[in-house]
Chemist: 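I have a structure here, written as structure tokens, and I will follow up with some questions on it.
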Amino acid sequence: MPHRTFIAFILPSALAMLIFIALPIVSVVVQSLFIEHERVMVTAENCGPFGCKKESHVDEAATAELRRDQPLGRFNGLGTYLDRKHLAAKEVREAFAEASGPIDFLTRVGSLPLYKALGFTLAYTFVVTPLVLILGFMIALAVNALPYFVKGPVIFASLLPMIITPLIGSLILFWMIDANGIIGASLQALFNDPDLSLKASPTLTWITLMVYGVWHSAPFAFVVFYAGLQTLPHDTLESAMIDGANRFERIRFVVLPHLMPLAIFVGLIQLMDNFRVFEPIVGFNAGASATSLSYAIYTDLRSTGAPLFGSAAATSMLTIIGICILMAPVLVRTWRDFKRRH
Amino acid sequence: MSVLTAKTSPWMRGAAIGFITLWLLMAAFPFVWTLWGSFKVQGDFFSRQDWLNALYGVQTLAETGSSFTGRGYYGAWVEREFWRSVINTGIVTGFVVVISLTFGTLGGYALSRSTARYAFWILIAALIFRAMPHITLLSGYLLPFFQLGVWGYLSTAIIVLVAINQPFTIWMLNSFFQTIPKDLDESAMVDGCSRFQAFRLVIIPVMWPGVITTGLFSFLLAYNDFAVTAVLLSQENQTMVPKIASFMGSTQVQGNVMFAVSAVVSATVPLFILVLFFQRHIVSGLTAGAVKG
């Protein structure tokens with residue numbers, strides 16, 4: 001295809017991505033180097049019968065004007081990256097100096113906002129992704145064994161958790177696990193503990209969010225694996241049976257290797273999607289005990305008063321770097337494949 | 001798959017059926033339960049005495065004189081004007097799907113027919129863009145949009161969603177167009193068509209299965225989005241999902257939770273219908289990327 005034709009075809013799509021994805025990244029980089037203006041203070045001498053007092057107050061008009069003239073704020077260099085809300089250089093150094101052992105160090109660092117968010121994001125990503133693969137595979141095997149006429153309805157019902165809006169799905173579960181909801185109340189009855197609440201303890205909140213994550217994504221893995229099972233090599237399976245392989249050996253040595261490329265695909269997509277975990281934290285109202293990187297950016301942008309653009313941008317940059325590190329092995333592999341083909 | 005299931009012991013079969021029943025319960029029951037509960041009052045759906053009240057509707061009967069009530073729906077749709085959000089969602093998703101597909105088919109077609117190295121780099125860039133959490137981009141948009149005075153409008157959200165959608169759309173359509181033999185459009189060009197004529201006369205008639213599938217996923221992305229619409233739309237232009245989130249802000253008020261429950265059920269209905277009619281497309285779309293991956 002001549003370059004000119006190619007450009008004509010790709011232009012709308014490329015422009016959209018350039019203006020609304022690439023340019024915003026530049027904007028994020030720039031914003032992350034700036035910080036909100038400090039309020040303009042004026043000092044006035046106030047003289048009364050008991051002598052003069054110096055009082056300072058915020059000059060609202062001047063502050064507003066300054067904000068209007070320089071909406072970016074003032075230049076802060078890498079200051080925002082290193083402050084307590086982000087990489088917290090000083091706090092980490094202190095923790096390193098004072099900590100009694102590695103566990104103490106991790107606990108101290110883990111209570112800093114960014115590391116807390118990173119901790120949950122990574123824990124969520126690396127717990128949910130493998131569980132989704134396992135559950136999806138099990139559902140695919142079980143559905144595959146069902147008689148033909150029930151498969152359709154079963155697949156229909158199985159798709160629902162995936163197709164549902166994440167925020168809505170998490171709200172639905174949130175209401176059910178409410179202390180007065182069906183699951184919450186049943187759990188209280190089951191453990192005979194009227195104070196049991198899935199929302200109160202951080203650990204239980206983490207587990208709830210992860211259960212939601214698996215519930216939401218397992219159908220995706222199931223559908224992909226199920227389609228993979230339809231293309232199983234029959235000859236290999238039959239010869240494995242003739243050679244005396246039992247059911248588990250057949251799954252282990254024939255089915256799993258056949259599904260491996262699909263598992264890598266699902267795992268990759270899940271890695272990307274779980275790393276951006278956000279809606280369930282809003283839906284489950286779990287911000288107090290579990291924050292993710294995306295959630296931290298969201299709260300900065302929605303913070304009451306003025307949005308904290310600098311802080312949100314710095315967290316965004318760190319998130320983008322994080323996802324690039326996570327994706328690096330995949331990108332390298334794609335590049336090698338490409339070079340082999342050309 | 002007789003080969004896999006042959007010689008299954010009844011025990012094995014029972015375990016599989018038990019497992020699938022459990023999964024179906026997990027997958028579908030929350031929706032059934034919420035649908036049922038949306039016709040009750042808060043005192044039943046969140047009963048302090050006994051969750052079984054939600055089944056019988058004890059409070060609902062006492063408060064409204066019947067065991068089912070549409071109060072939640074009335075509150076959400078009429079009092080809190082949920083219908084506005086429904087219309088907004090309709091506008092946003094409609095435009096996002098149409099524009100995404102237009103841009104995406106052209107781009108995806110070009111990528112599938114180009115052997116140049118830059119085509120590969122565009123796909124890789126798209127993959128990285130696809131991996132980036134949407135909210136990181138939002139912090140890039142917000143300040144410029146405020147400055148340009150374009151914040152809060154539906155059209156802004158639409159174009160942003162189209163752009164966020166593009167990486168996925170061109171990947172999917174690229175792999176779809178690769179399944180259409182190159183000979184088809186090339187022979188048209190030998191016969192004297194220009195590249196664009198070949199696309200219009202030869203490719204467009206055969207591309208609909210792939211376009212419909214991709215369109216479904218574009219629809220889902222626009223419909224299900226919370227981050228973009230919550231941050232970029234003003235109060236009066238809110239779509240359904242941020243509107244539901246704003247219902248949750250005042251949960252303490254009696255009755256308000258039921259507004260949210262009814263709104264949630266209302267927003268779920270189109271998705272149900274979508275799966276009902278397009279189950280096959282969704283399944284094939286999910287697997288298309290994987291198989292050709």
Side-chain angles (χ1 to χ4, degrees), chain A residues 1 5-6 9-10 12-13 16-17 20-21 24-25 27-28 31 71 139 142-145 156-161 163-168 171-173 176 178 180-182 185 220 223-224 227 234 237-238 262 265 272 276 278-279 294 297-298 301 307 309 312-313 316 319-320 323 327 338, chain B residues 1 3-5 16 19-20 23-24 26-28 30-31 33-34 46-48 51 103-104 106-107 109-110 113-114 120 124 129 131-133 135-144 147 160 162-163 166 170 195 220 224 226-227 231 241 245 264 267-268 271 275 279 282-283 286-287 290 293:
Chain A
M1 190 181 250
T5 330
F6 180 81
F9 270 94
I10 199 104
S13 176
M17 288 198 284
F20 291 100
I21 303 185
I25 298 177
S27 153
V28 168
Q31 285 185 50
I139 301 170
V143 169
N144 206 21
F156 171 78
S158 304
L159 283 176
L160 295 177
I163 227 82
I164 191 78
T165 312
L167 185 81
I168 290 182
L171 278 177
I172 288 179
L173 295 193
M176 290 174 80
D178 187 278
N180 297 327
I182 173 170
F220 170 55
V223 168
V224 173
H234 275 242
L237 271 179
E238 257 165 53
L262 300 185
F265 164 78
M272 297 195 237
R276 66 173 69 147
F278 164 55
E279 282 101 335
S294 294
I297 299 168
Y298 178 75
L301 290 179
F309 293 120
S316 299
T319 309
I320 293 174
I323 194 79
M327 297 280 295
F338 176 77
Chain B
M1 211 46 42
V3 194
L4 256 188
T5 45
F19 173 73
I20 215 66
W23 161 249
L24 285 181
M26 275 171 60
F31 299 101
W33 179 252
T34 310
F46 299 97
S47 177
R48 282 179 208 287
W51 63 265
F103 287 11
L106 292 172
Y109 174 70
R113 293 300 186 257
S114 174
F120 168 80
I124 285 294
F129 290 159
M132 282 182 2
I135 195 113
T136 59
L137 295 173
L138 281 168
S139 66
Y141 298 137
L142 210 51
L143 187 59
Q147 292 303 310
V160 165
V162 166
Q166 275 308 300
I170 60 172
R195 177 60 83 169
L220 284 177
N224 287 347
F226 171 64
V231 176
V241 182
V264 154
T268 313
L271 294 173
V275 187
Q279 181 173 331
I282 294 171
V283 170
L286 285 178
T287 49

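Keep in mind that this is a model prediction, so the values were computed, not measured. Quick note: numbers below take in every heavy atom, side chains included, and nothing from hydrogens, waters or symmetry partners.
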Chemist: Please determine, among Gly181(A), Ala313(A), Ser158(A), Pro166(A), the option with the most heavy-atom pairs under 4.5 Å with chain B.
Modeler: Ser158(A)

Chemist: Between Phe278(A) and chain B, which part of the residue has a heavy atom less than 4.5 Å away: side chain, backbone, both or neither?
Modeler: side chain

Chemist: Given that the side chain runs from C-beta out, which part of Ile139(A) has a heavy atom under 4.5 Å from chain B: side chain, backbone, both or neither?
Modeler: both

Chemist: Select one option (side chain, backbone, both, neither) describing which atoms of Leu160(A) are under 4.5 Å from chain B's heavy atoms.
Modeler: both

Chemist: Counting heavy-atom pairs under 4.5 Å to chain A, which of Ala28(B), Ser114(B), Gly104(B), Ala110(B) comes out on top?
Modeler: Ala110(B)

Chemist: Need one label for Ile164(A): side chain, backbone, both or neither, based on atoms under 4.5 Å from any heavy atom in chain B.
Modeler: both

Chemist: Going by the angle between their ring planes, with limits at 30° and 60°, are Phe9(A) and Tyr109(B) parallel, tilted or perpendicular?
Modeler: tilted

Chemist: Let me know if Ile163(A) has heavy atoms under 4.5 Å from chain B in its side chain, its backbone, both or neither.
Modeler: both

Chemist: Just give me the residue among Ala267(B), Ala16(B), Pro30(B) that pairs up with chain A most often, heavy atom to heavy atom, under 4.5 Å.
Modeler: Pro30(B)

Chemist: Check each atom of Leu137(B) against the heavy atoms of chain A and say whether the ones under 4.5 Å are side chain, backbone, both or neither.
Modeler: both

Chemist: For Leu173(A), is it the side chain, the backbone, both, or neither that has a heavy atom closer than 4.5 Å to a heavy atom of chain B?
Modeler: side chain

Chemist: Please classify the contact of Thr319(A) with chain B as side chain, backbone, both or neither, using a heavy-atom distance under 4.5 Å.
Modeler: side chain

Chemist: Non-hydrogen atoms of chain B under 4.5 Å away: do they reach the side chain of Phe309(A), the backbone, both or neither?
Modeler: side chain

Chemist: Contact part of Thr5(A) toward chain B, heavy-atom cut-off under 4.5 Å: side chain, backbone, both or neither?
Modeler: side chain

Chemist: Give, as side chain, backbone, both or neither, the part of Leu138(B) having an atom under 4.5 angstrom from any heavy atom of chain A.
Modeler: both

Chemist: Looking only at heavy atoms and a cut-off of under 4.5 Å, which of Pro24(A), Ala185(A), Ser13(A) has the most pairs with chain B?
Modeler: Ser13(A)

Chemist: If you take all heavy atoms of Met132(B) and Ile25(A), which pair is closest and at what distance?
Modeler: CE-CD1, 3.7 Å

Chemist: Could you check whether any side-chain N or O of Gln31(A) sits under 3.5 Å from a backbone N or O of Ser139(B), counting only pairs where one atom can act as donor and the other as acceptor?
Modeler: yes

Chemist: Let me know if Phe19(B) has heavy atoms under 4.5 Å from chain A in its side chain, its backbone, both or neither.
Modeler: side chain

Chemist: Looking at Pro12(A), Ala157(A), Ala312(A), Pro307(A), which makes the most heavy-atom pairs under 4.5 Å with chain B?
Modeler: Pro12(A)

